[in-house]
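Naming convention: chains lettered A, B, ... in sequence-line order (proteins, then strands); numbering from 1 in each chain. All heavy atoms count here, side chains included; hydrogens, waters and symmetry mates do not.
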Amino acid sequence: MEDGLSANRETESLIADAQRLEKRRRLLEQEQDPYPARVARTHTSLQARTALEAWEQNPEGEAPRVAVAGRLMTERVMGGSTFAHLMDGAGRIQIYLRRNVLGEETYNALRRATDIGDIIAAEGSMFRTRTGEATISVTSAGLAAKSLHPLPDKWHGLTDVEARYRHRYVDLLVNDEVRQLFRQRAATVSAIRQYLDGEGFLEVETPILQPIYGGAHAKPFVTHHNQLDQDLYLRISFELYLKRLIVGGYDAVYEIGRDFRNEGVSYKHNPEFTQIEFYEAYADYHDVMRRTEEMVAFVAEKVLGTTRISYQGTEVDLAPPWHRRDLRQAIAEETGIDVEGYRDVDSLYRAILDLGGHPEPKPTVGKLVDYLIEAYVEPKLVEPTFLMDYPVEISPLAKRIPGSDGWVERFEGFVAGMEICNAFSELNDPVEQFDRFRAQGRDFEAGDEEAHQMDADYLLALSYGMPPTGGFGMGIDRLIMLLTDRASIREVLLFPHMRSL
RNA sequence: GGGCCGCUAGCUCAAUUGGCAGAGCAACUGACUCUUAAUCAGUAGGUUACAGGUUCGAUUCCUGUGCGGCUCACCA
């Protein structure tokens, strides 16, 4: 008995409102199942509305009868008659219950048993109210699932950001625009697939658990396989596996999936994020630029119906062609520093200090160039722009520009000051790749924890011969931020990472 | 990790100089048979994030902790 009581108290504090828990108990007492195994449904809210419209066009016989089910969102009770709105996946529909239609007992029992938030099944015939709203005149109704927790304020909704992220289901329930946003997210991913499939790319899946991580400059998460007693890394990119597939003879492959990077969280970083990478044989980075602007414009057109977007108050047109800016020139224009003149760390570091910058103390030349890009160039790249030709030090997997010793055929795409993608002509000379890995090894020794690891099997793959190949990677979350005008990556992730409570 | 700000009923928010912790929605009881933020009358609902301190008395002032937001740093 005492155990039952304390268990009840625990349930109450954890998942339920005391009054509703009591209602559930009363229903069970009356042998009415608050969670029936199934309810009959013939129409969604949208189908019901459409059925009424069709009948109104050609009104023969009785008005259409429908059985719908959905969450009770609002209720307006006027004694013997009640209006309410049910919400299902297609939208909302009004139902109308009357005492003299349902009968005194049924009507009162329904009113007593149901609360806002409950899932209700209702059957009746369609009609239009005096104000013109398609409505179901209900002849029978019942509980489909009891809700034990009150919904947020029907007018103000749920606005507390932490509550919205931690309990996303409530956010989705009461905030229509959030539900809409994640439909747009799905449409974005679908449009990317549609574009690449249409261009002859093969969608593949490669390992998330990797013995050697690589393909990006980032710290990994580490996990462990118990039986094999083997440490494994959660992938930080798909790159090295996808290029093995190009070696294997596929001309064009892509993967859409999750990457994991063990870094700080911010308005544009989540520990896990969704990435698209594609690789195309016999393409170079110029081809990839054309494909990028074409693909992003295609996706925007599919999802928004236009390539003109507004991001945080800035109007931008994603239609090709995008601007192309030489990285070295862009840095020189924005800072007066020609990186070519400072090939050693100390002189470049001092030049940046003179400029008033605060880069971290013991970086590599590459890190300093990165710093210059982020601090001085990136904020200026409002119109869609490809920043092209990067220093080899920070691009260990990219092909050198013919006739140049320090620069590679690489570009990053920027829109509204935000970096959205990174691509290059792939380095396919296994000997040079070996040297680049060794240089990365020296960076690692020098304290760069994110320097690329030596991957012997990848080198072996390259040594079988990889055709000239263009590769591309884009953070899908950031693209969705752009398309849906959200300032934070957490707004476009259904379940963003949160600290444990 | 640094700085700033926030945390009060299920939700959205008040609370004067440190003086009985309140409203609207949701819930409950009642009135009301075309309402749509329905309306009207009433009831119940609180460890004021948590732990300390100052004080006759703390939602309010102080210290610490937790969580969150913004920002800087980090971050391909």
Give a yes or no on whether a salt bridge exists between A:Glu162 and A:Arg499, defined as a side-chain N under 4.0 angstrom from a carboxylate O.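 Result for this pair is no, no salt bridge flagged.
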
So, OP1 or OP2 of B:A37: does either fall under 4.0 Å of a side-chain N or O from A:Lys154?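 A:Lys154 to B:A37 OP1/OP2: no side-chain N or O under 4.0 Å.
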
Enumerate donor-acceptor pairs with a distance under 3.5 Å from any side-chain N or O in residues 92-101 of chain A to protein atoms, sequence neighbours excluded.
residue	atom	partner	partner atom	Å
A:Gln94	OE1	A:Arg76	NH2	2.9
A:Gln94	NE2	A:Thr135	OG1	3.0

Side-chain donor-acceptor pair present, A:Arg65, A:Thr139, cut-off under 3.5 Å: yes

Contact residues, residues 105-124 of chain A to RNA chain B [heavy atom, < 4.0 Å]: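 A:Asp115, A:Ile116, in order of number.
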
How many Å lie between NE2 on A:His156 and P on B:A14, as a whole number?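 After rounding, the reported distance stands at 11 Å.
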
In whole Å, measure the gap between the P atoms of B:G24 and B:G19 for me. 24 Å

Using the C1' atom as the point on both nucleotides, what is the distance between B:G3 and B:G18, in whole Å? 29 Å

Distance check, P atoms only: B:U59 and B:A49, in whole angstrom units. 9 Å

Residue pairs, two or more places apart or on separate chains, that pass side-chain hydrogen bond (donor to acceptor under 3.5 Å, both in side chains) and touch residues 369-386 of chain A: A:Glu334-A:Lys380

When the ring planes of A:Phe221 and A:Phe260 are compared, do they come out parallel, tilted or perpendicular, using 30° and 60° as the limits?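 The rings of A:Phe221 and A:Phe260 stand perpendicular, inter-plane angle above 60°.
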
No-hydrogen, no-angle side-chain donor-acceptor test under 3.5 Å, A:Asp88 and A:Thr44: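 No, no side-chain donor-acceptor contact under 3.5 Å.
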
I'd like to check the ring pair (Phe, Tyr, Trp, His ring centres under 6.0 Å) partners of A:Phe386; sequence neighbours left out, ordered by chain and number.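 Residues passing ring pair (Phe, Tyr, Trp, His ring centres under 6.0 Å) with A:Phe386: A:Trp322, A:Phe411.
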
I'd like the P distance from B:A76 over to B:G2, given in whole Å.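 One P to the other, the span is 22 Å.
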
What is the separation between atom CD on A:Glu22 and atom P on B:A44, rounded to the nearest whole Å?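 Distance check: A:Glu22 CD to B:A44 P gives 18 Å.
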
Write down the distance between CH2 (A:Trp155) and C1' (B:U39), rounded to a whole number of angstrom. 16 Å

Set of residues satisfying ring pair (Phe, Tyr, Trp, His ring centres under 6.0 Å) with respect to A:Tyr213, sequence neighbours excluded: A:Tyr233

Sugar-phosphate, base or nothing in reach of A:Val77, heavy atoms under 4.0 Å: base

Considering only atom P, compute the distance from B:U16 to B:G6 and round it to an integer number of Å.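 About 15 Å, rounded to a whole number of Å.
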
NA contact type, A:Phe411, heavy-atom cut-off 4.0 Å: base, sugar-phosphate, or nothing?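 Nothing, no heavy atom under 4.0 Å.
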
Under the side-chain hydrogen bond (donor to acceptor under 3.5 Å, both in side chains) rule, what pairs show up with a residue in residues 116-126 of chain A, not counting sequence neighbours? A:Asp118-A:Lys146

A:His149 has an atom NE2; how far is it from atom C1' of B:G45, in whole Å?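 Atom-to-atom, A:His149 to B:G45, this comes out as 13 Å.
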
Can you check the A:Glu75 CD to B:A26 P distance for me, whole Å? 9 Å

Tell me, which pairs form a side-chain hydrogen bond (donor to acceptor under 3.5 Å, both in side chains) where one or both residues lie in residues 411-426 of chain A, sequence neighbours left out?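 Sorted result for residues 411-426 of chain A: A:Lys243-A:Glu426, A:Tyr390-A:Glu412, A:Glu409-A:Ser425, A:Arg410-A:Glu412, A:Arg410-A:Asn422.
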
Dot-bracket for RNA chain B, 5' to 3', counting Watson-Crick or G-U wobble pairs under 3.5 Å, with [ ] for crossing pairs and | for inter-strand pairs? (((((((..((((.....[..)))).(((((.......))))).....(((((..]....))))))))))))....

Would you indicate what A:Asp160 reaches in the nucleic acid, counting non-hydrogen atoms under 4.0 angstrom: base, sugar-phosphate, or nothing? sugar-phosphate

Looking at A:Arg76, I'd like to know whether one of its side-chain N or O atoms comes within less than 4.0 Å of OP1 or OP2 on B:A38. yes

Take the protein atom CD of A:Gln19 and the nucleotide atom C1' of B:G45, then report the distance between them rounded to whole Å. 7 Å

Can you name the residues that form a salt bridge (Lys or Arg N to Asp or Glu O under 4.0 Å) with A:Asp287, not counting sequence neighbours? A:Arg290

In terms of side-chain heavy atoms, does A:Gln180 have a donor or acceptor partner in A:Asp176 at a distance below 3.5 Å?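 Distance-only check fails for A:Gln180 and A:Asp176.
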
For a quick check, tell me whether the side chain of A:Gln94 and the base of B:U35 share a donor-acceptor pair closer than 3.5 Å. yes

Closest contact, heavy atoms only, A:Leu482 versus A:Ala416: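 Nearest heavy atoms, A:Leu482 then A:Ala416: CD2-CB, 4.1 Å.
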
Given the C1' atoms of B:U54 and B:C13, what is the spacing between them in whole Å?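 Those two atoms are separated by 30 Å.
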
Sequence-distant partners of A:His452, ring pair (Phe, Tyr, Trp, His ring centres under 6.0 Å), two or more places apart: A:Phe437

If I take atom CG in residue A:Asp153 and atom P in nucleotide B:A37, what distance separates them, rounded to the nearest angstrom? 14 Å

Working for side-chain hydrogen bond (donor to acceptor under 3.5 Å, both in side chains), residues A:Glu280 and A:Tyr254: CA-CA 9 Å; A:Glu280 187 175 9; A:Tyr254 74 96; over 6 Å; no

Please tell me which of A:Thr159 and A:Arg98 maps to the more 5' nucleotide of RNA chain B, matching each residue to the nucleotide holding its nearest heavy atom. A:Thr159

Could you tell me how far B:G1 sits from B:A27 if I compare only their C1' atoms? Round to whole Å.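 Their C1' atoms lie roughly 45 Å apart.
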
Between P of B:A38 and CE of A:Met73, the distance in whole Å: 12 Å

Can we say A:Glu445 and A:Arg442 salt-bridge, meaning some charged N sits less than 4.0 Å from an Asp/Glu carboxylate O?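 No, no charged N to carboxylate O under 4.0 Å.
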
How far does the C1' atom of B:C40 sit from the matching atom of B:A51, given to the nearest Å? 46 Å

Sugar-phosphate means primed atoms, P, OP1 and OP2; the rest is base. With that split, encode nucleotides 68-76 of chain B 5' to 3' as B, S or - using protein heavy atoms under 4.0 Å. SS----SBB

Among residues 80-91 of chain A, which ones have heavy-atom contacts with RNA chain B below 4.0 Å?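 Nucleic-acid contacts, sorted: A:Gly80, A:Ser81, A:Phe83, A:His85.
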
